[in-house]
Amino acid sequence: IPNSIHAIIRDNRGIQLIRNKKNLWLSETLNTGIQKSSGEWVICLDEDDWFYPNALSSLLALSDNADIVYGSLMQDGRIAVPAPQPFDTELFKKCNPLWATSLTRRTVWESIGGYLTKNKAFYQDWNFWARACKAGFRFKRSDALIYMHGSKPESMCHAIEPNINEAIKLSTEELYE
């Protein structure tokens with residue numbers, strides 16, 4: 001673990017380092033972190049991503065009458081804007097209309113049973129949002145630029161590109177039940 005991580009933990013009493021004894025894959029790791037957290041709201045951020053200044057406050061400012069608040073991201077020098085609302089399960093069968101890094105009430109995660117962990121659960125966020133939509137949770141979009149999305153050649157998304165259709169099928173199959 002880099003010294004910078006230890007310094008952040010030392011200087012911020014609310015941050016806890018959680019180390020898994022084995023690779024739990026992304027979904028189970030996210031579930032573990034959220035389970036050990038205590039806030040009303042949760043937001044996940046990959047290690048190669050970072051928030052823009054005031055991103056979290058801009059999401060929280062829109063959190064009244066919403067269970068999930070999301071905004072735009074920057075990737076490869078371009079701003080990616082999520083799909084407009086309203087969301088329904090038919091939309092989730094075609095695409096993932098929002099990003100993994102979205103502000104979510106903890107009660108959403110608790111109610112739908114967290115992130116899917118079967119088959120290493122690629123596109124776990126797509127599945128999570130689809131199940132939240134199916135359960136009737138409320139989504140709200142911010143016009144704010146929320147985070148910079150990194151994309152390393154060894155990332156999970158690049159690893160599944162050859163089998164992307166199978167990964168999407170596994171991530172959305174519950175919508176067809």
Side-chain angles (χ1 to χ4, degrees), residues 1-2 4-5 7-9 11-12 14-18 24-85 87 91-92 95-109 112 114-116 121-133 137-161 164 167-168 171:
I1 299 173
S4 59
I5 300 295
I8 290 170
I9 294 167
D11 296 341
N12 296 278
I15 296 176
Q16 176 185 8
L17 176 64
I18 302 168
L24 301 178
W25 299 98
L26 183 55
S27 293
E28 199 167 339
T29 298
L30 292 173
N31 286 338
T32 299
I34 294 169
Q35 184 177 30
K36 291 183 182 221
S37 71
S38 60
E40 176 186 357
W41 292 93
V42 295
I43 190 166
C44 301
L45 187 72
D46 292 342
E47 55 88 19
D48 58 345
D49 300 343
W50 50 268
F51 289 116
Y52 282 99
N54 303 313
L56 297 178
S57 60
S58 69
L59 293 175
L60 279 169
L62 293 174
S63 64
D64 288 343
N65 301 313
D67 301 302
I68 298 161
V69 187
Y70 61 98
S72 300
L73 64 83
M74 176 75 73
Q75 181 173 348
D76 300 327
R78 293 175 299 194
I79 295 176
V81 179
Q85 296 164 292
F87 294 161
L91 177 63
F92 280 100
C95 68
N96 185 1
L98 68 155
W99 322 127
T101 301
S102 298
L103 187 67
T104 307
R105 285 190 193 275
R106 180 186 184 84
T107 54
V108 173
W109 178 82
I112 64 174
Y115 287 96
L116 183 69
F122 297 117
Y123 292 115
Q124 81 292 338
D125 57 313
W126 189 344
N127 176 274
F128 185 87
W129 308 133
R131 289 185 293 128
C133 179
F137 287 103
R138 304 161 298 169
F139 293 78
K140 191 181 279 187
R141 181 177 160 204
S142 167
D143 291 327
L145 184 58
I146 304 303
Y147 74 108
M148 170 68 83
H149 178 64
S151 183
K152 296 178 179 178
E154 68 274 9
S155 74
M156 183 177 72
C157 286
H158 289 294
I160 62 170
E161 280 178 8
I164 194 164
I168 291 169
S171 297

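Along the sequence shown, residues are numbered consecutively beginning with 1. Here the structure is a predicted model, which is why all the values come from computation and not from measurement.
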Rounded distance [0.5 Å steps], CG in Leu59 versus NZ in Lys140: 11.5 Å
Flag, side chain of Thr101 to backbone of Cys44, donor-acceptor distance under 3.5 Å: yes
Nearest-0.5 Å distance that lies between atom CD in Glu28 and atom CD in Gln35: 10.0 Å
Any residue meeting side chain to side chain contact (heavy atoms under 4.5 Å, CB included) with Asn96, in chain and number order, not counting sequence neighbours: Phe92, Leu98, Asp125, Trp126, Trp129
Counterpart residues, side-chain hydrogen bond (donor to acceptor under 3.5 Å, both in side chains), relative to Ser37 (two or more places apart): Arg106
For the student: nearest non-hydrogen atoms of Trp41 and Ala66, plus distance: CH2-O, 3.6 Å
Residue list, salt bridge (Lys or Arg N to Asp or Glu O under 4.0 Å) with Arg141, at least two apart or on another chain: none
Side-chain donor or acceptor of Asp49 paired with backbone N/O of Leu45 under 3.5 Å: no
Heavy-atom closest pair, residues Cys95 and Pro97: O-CD, 3.2 Å
Trace of the side chain to side chain contact (heavy atoms under 4.5 Å, CB included) decision for Asp67 with Arg138: CA-CA 5 Å; Asp67 301 302; Arg138 304 161 298 169; 3.0 Å; yes
For Thr32 against Ile18, the heavy-atom pair lying closest together: CG2-CG2, 4.2 Å
Results of side-chain hydrogen bond (donor to acceptor under 3.5 Å, both in side chains) for Glu40 - residues two or more places apart only: Arg105
From Leu91 atom CG to Cys133 atom SG, the distance as rounded to the nearest 0.5 Å: 8.0 Å
Audit row: Phe51, Ile146, side chain to side chain contact (heavy atoms under 4.5 Å, CB included) steps and yes/no: CA-CA 6 Å; Phe51 289 116; Ile146 304 303; 4.2 Å; yes
Least distance between heavy atoms, Ser142 atom then Ala144 atom: OG-N, 3.0 Å
Side chain to side chain contact (heavy atoms under 4.5 Å, CB included) partners for Ile79, two or more places apart: Ser72, Met74, Val81, Leu145
Side chains of Ser58 and Leu62 in contact at under 4.5 Å (non-hydrogen atoms): no
Side chain to side chain contact (heavy atoms under 4.5 Å, CB included) evaluation trace for Phe128 with Thr104: CA-CA 11 Å; Phe128 185 87; Thr104 307; 4.0 Å; yes
Pairwise distance CG(Leu26) to CG(Asp46) - rounded to 0.5 angstrom: 6.5 Å
Pairwise distance CD1(Ile112) to CZ(Arg131) - rounded to 0.5 angstrom: 4.5 Å
Taking every non-hydrogen atom, the tightest pair across Ser102 and Ile68: CB-CG2, 4.2 Å
Euclidean distance, Trp50 CH2 relative to Tyr147 OH, rounded to 0.5 Å: 12.5 Å
Residue list, side-chain hydrogen bond (donor to acceptor under 3.5 Å, both in side chains) with Thr29, at least two apart or on another chain: Asn20
Over all atoms of both residues, closest heavy-atom pair of Ala80 and Trp99: O-CZ2, 3.6 Å
